[in-house]
*Asks:* 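Once you've had a glance at the structure underneath, I'll fire off some questions.
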Amino acid sequence: MTLDAKIPGGRLTQKWDRHRFELKLVNPANKRKYNIIVVGTGLAGGSASAALAELGYDVKTFCVQDSPRRAHSIAAQGGINAAKNYPNDGDSIWRLFYDTVKGGDFRAREANVYRLAQISNLIIDHCVAQGIPFARDYGGLLANRSFGGAQVTRTFYARGQTGQQLLLGAYSALSRQVAAGKVKLFSRREMLDLVVVNGQARGIVVRNLINGDIERHDAHAVVLCTGGYGNVFFLSTNAMASNVTAAFRAYKKGAYFANPCFAQIHPTCIPVHGTYQSKLTLMSESLRNDGRVWVPKDPGDKRPPSQIPASERSYFLEEKYPSFGNLVPRDVASRNAKEQCDMGKGVGDTGLAVFLDFADAIKRDTRAVIEKKYGNLFQMYEKITGQDPYQTPMMIYPAVHYTMGGLWVDYNLMSAVDGLFVLGEANFSDHGANRLGASALMQGLADGYFILPYTIGGYLAGTNLPAINADHPAFKEAEQHVQSRLNTLLAVDGKRTVDDFHRKLGSIMWEYCGMARNNEGLEKARSLIQSLRAEFWENVRVPGIDKDFNQSLERAGRVADFLEFGELVIIDALARQESCGGHFNEAFQTDENEARRDDENFCHVAVWEFTGDDKAPRFHQEPLVFENVELTQRSYK
Ligand SMILES: Cc1cc2nc3c(=O)[nH]c(=O)nc-3n(C[C@H](O)[C@H](O)[C@H](O)COP(=O)(O)OP(=O)(O)OC[C@H]3O[C@@H](n4cnc5c(N)ncnc54)[C@H](O)[C@@H]3O)c2cc1C
């Protein structure tokens, strides 16, 4: 199969308009004849379901939580980018496009990123119309704050709860369509297989998580909005239920996985504090608007921060990157924090932390102002650590946060399987090797509200879709496969818990494929994962039965997929013999320890095709062509 990204011709600024005009349309009266499955109810899935139903399609929407409102998107804190240029500080669609391409270290598609920047402004208008309570300035205009990798202030926010407010907006729009009978909602359902008939995605098989029933659902097209796979590292800032299962099962049915090794490590998370911890908590990047990052100048200095005078502190980001200071992109801030800790300057009991200090901001702006901006984040920090960040600096350390890799999609957001569309964090699309802060919400909502509604129409109107239903043999076969996998998991009856395997996998991934990687470590990780996977199928303990509410069984399936997928991540990291963005191979760095790309050999999307269990995946590449920006060594100095 050839990888055709279907990027429209013409000038960059006109591609999307032209494409929308050229896409075939479905007549309004015919839309109700089409039935579309949307899996996921985060910002991508919630917005897609609402927008498709509003157009007149019949939609079936699925999620694993008890309510769509509990999708992981609700956790998003800091904000959403748009090129409105309200502060009049030099922003434009072109600048947002450029910052995003540069931020992703030139490993994203120009055409996709430009479209995203164009749509960013529509998202804000749409959300304001929905009633999202974005922060406003004194005069009533929408307020903005700064995020990493940009020298303009373009992030719209609702205190530290932007994701929650945006999700409530999408949920309201979705609920309107549920009430109108256009969306049928299936909560507490886990998609366990994709059904492909004659090369077209025609349905899914799900498990009812309350009673264990296996259900078949047919459709004319399937849309996956199932989020990111950061939990392959076990400890991450993602929700506990975030997983790779739906995407991985689609990969096994013919969808391709792109850049799986591109994971984002966020610099400002509450450090790990115990062996049996299962979650890491993000302290939003917005805090770096006012917080200053520092460590003691002398390695091993364990004095309390209040006793270390300014002259004995190293504000290492401000010193090394005077132009961007504390607001360098996440990959750069994370690597520098690690470097300081590796030099013995880390703070706290473990030495794996740096300070994020608000003393200067409080002195300058008053506590009341800081509290208004970040009150809920400070409260969260205090609840978890028992320390008051108004009085003493926060301690932070990088943690896995977001995954830029995902299922490969073309410009229409369609995967390598006809009729299977992938949106939001689940696809690989727009962020290249590193995502800039506040751009995930932007992408999820662009995909769901503004892109898919056009492109899926083009597919449906231009495709012959024979009548089938869930009695088709392909559904029966998929259901049997799902059931036999559940039976196998229950039958192992071993001694180690599912979480124990997951924790071990995570520690391998973090140690050998985390903030820094090298070929020797990656090879070791690959063989460790293979052994762990073999042990899993011989020694995992999954209590209970399948026809019941059984969270061990749910998790076992997800961890089994992570154990296979983790190896794919390693294979991808080994294949990319360069450093770029969040992918840092120690062998490829500049004299100043920055990522050194190899544009001659690796200016491409790495795309993997499943060829069979226990067989090596087949490698494809989609070359990245830059006609509008010049590839340079990223500099934030
Ligand atoms: C703590 C935190 C803070 C963040 N803050 C910001 C921010 O300020 N700005 C920003 O731009 N980004 C932020 N991000 C990133 C952003 O929140 C996510 O990238 C984004 O919300 C993902 O949305 P999504 O719709 O793609 O997926 P999700 O919100 O993860 O939704 C996935 C959906 O898929 C469903 N699902 C998954 N698997 C299955 C299955 N097998 N079967 C059925 N359903 C399934 C789930 O039930 C859920 O409904 C943050 C991330 C974290 C972790």
Side-chain angles (χ1 to χ4, degrees), residues 37-49 61-82 120 123 145 147 155-167 170-171 174 186-194 204-207 209 223-231 236-239 241-250 264 266 268-270 279-286 330 377 380 399-404 406 422-427 429 431 435-445 447-448 554 557-558 561:
I37 284 175
V38 178
V39 189
T41 58
L43 285 174
S47 60
S49 297
T61 302
F62 298 79
C63 67
V64 296
Q65 288 87 0
D66 56 345
S67 157
R69 282 175 306 165
R70 284 196 223 283
H72 157 71
S73 289
I74 203 152
Q77 300 173 349
I80 174 167
N81 285 332
S120 68
I123 297 171
R145 60 185 172 201
F147 262 62
T155 305
F156 295 76
Y157 62 100
R159 246 181 153 201
Q161 305 160 345
T162 317
Q164 181 180 4
Q165 298 305 329
L166 292 172
L167 191 60
Y171 175 68
L174 177 68
F186 296 84
S187 54
R188 285 316 217 154
R189 302 296 202 288
E190 180 163 26
M191 170 184 157
L192 293 180
D193 212 350
L194 174 75
I204 59 175
V205 170
V206 302
R207 179 166 178 269
L209 298 179
V223 183
L224 290 192
C225 311
T226 46
Y229 52 81
N231 282 349
S236 86
T237 62
N238 288 193
S242 294
N243 67 88
V244 77
T245 288
F248 198 66
R249 307 276 169 106
Q264 173 165 87
H266 196 299
T268 55
C269 302
I270 298 180
K279 195 92 300 301
L280 290 174
T281 307
L282 176 77
M283 288 286 104
S284 167
E285 181 165 295
S286 60
R330 294 174 179 176
L377 299 173
M380 199 157 78
V400 172
H401 177 65
Y402 181 88
T403 44
M404 285 78 68
V422 190
L423 275 56
E425 195 172 337
N427 73 25
S429 71
H431 307 293
R435 172 178 70 83
L436 290 186
S439 292
L441 303 184
M442 173 171 74
Q443 184 224 325
L445 292 180
D447 289 359
E554 285 172 36
R558 293 174 201 155
D561 288 330

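Count residues from 1 along the sequence. One-based numbering, in listed order, for ligands and for the atoms of each. For the numbers below, each heavy atom of this structure counts, side chains included, while hydrogens, waters and symmetry mates do not.
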*Asks:* Taking only residues two or more places apart in sequence, or in another chain, which ones meet H72 in a ring-ring contact (aromatic ring centres under 6.0 Å, His included)?
*Replies:*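 For H72, no residue satisfies ring-ring contact (aromatic ring centres under 6.0 Å, His included) once neighbours in sequence are set aside.
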*Asks:* So, using side-chain hydrogen bond (donor to acceptor under 3.5 Å, both in side chains) as the criterion, who are the partners of T281 when residues are at least two apart?
*Replies:*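 T281 satisfies side-chain hydrogen bond (donor to acceptor under 3.5 Å, both in side chains) with no other residue.
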*Asks:* Side chains of R558 and F248: closer than 4.5 Å at any heavy-atom pair?
*Replies:*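 No - every pair of side-chain heavy atoms lies 4.5 Å or more apart.
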*Asks:* Check ligand 1 for N or O atoms under 3.5 Å from a protein N or O and list each pair with its distance.
*Replies:*
unit_1   : atom_1 : unit_2 : atom_2 : d
ligand 1 : 5 (N)  : Q77    : N      : 3.1
ligand 1 : 8 (O)  : Q77    : N      : 3.4
ligand 1 : 8 (O)  : G78    : N      : 2.7
ligand 1 : 8 (O)  : G79    : N      : 3.0
ligand 1 : 9 (N)  : G79    : O      : 2.8
ligand 1 : 11 (O) : S439   : N      : 3.3
ligand 1 : 11 (O) : A440   : N      : 3.0
ligand 1 : 11 (O) : L441   : N      : 2.8
ligand 1 : 19 (O) : E425   : OE1    : 2.6
ligand 1 : 21 (O) : S73    : OG     : 2.7
ligand 1 : 23 (O) : S73    : OG     : 3.0
ligand 1 : 25 (O) : L43    : N      : 3.2
ligand 1 : 25 (O) : A44    : N      : 3.0
ligand 1 : 26 (O) : E425   : N      : 2.9
ligand 1 : 29 (O) : S73    : N      : 2.8
ligand 1 : 29 (O) : S73    : OG     : 2.5
ligand 1 : 34 (O) : C225   : O      : 3.4
ligand 1 : 38 (N) : N243   : ND2    : 3.3
ligand 1 : 41 (N) : M191   : O      : 3.2
ligand 1 : 42 (N) : M191   : N      : 2.8
ligand 1 : 47 (O) : V64    : N      : 3.0
ligand 1 : 47 (O) : Q65    : OE1    : 2.4
ligand 1 : 49 (O) : T41    : N      : 2.9
ligand 1 : 49 (O) : T41    : OG1    : 3.1

*Asks:* For a quick check under 3.5 Å, do S242 and N231 share a side-chain donor-acceptor pair by atom type?
*Replies:*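 No pair is found: no donor N or O on one side chain lies under 3.5 Å from an acceptor on the other.
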*Asks:* Under a 3.5 Å cutoff, is there a donor and acceptor pairing between the side chains of T268 and E285?
*Replies:*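 Distance-only check fails for T268 and E285.
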*Asks:* Among residues at least two apart in sequence or on other chains, which ones pass ring-ring contact (aromatic ring centres under 6.0 Å, His included) with Y402?
*Replies:*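 Once residues adjacent in sequence are excluded, the partners of Y402 under the ring-ring contact (aromatic ring centres under 6.0 Å, His included) criterion are H431.
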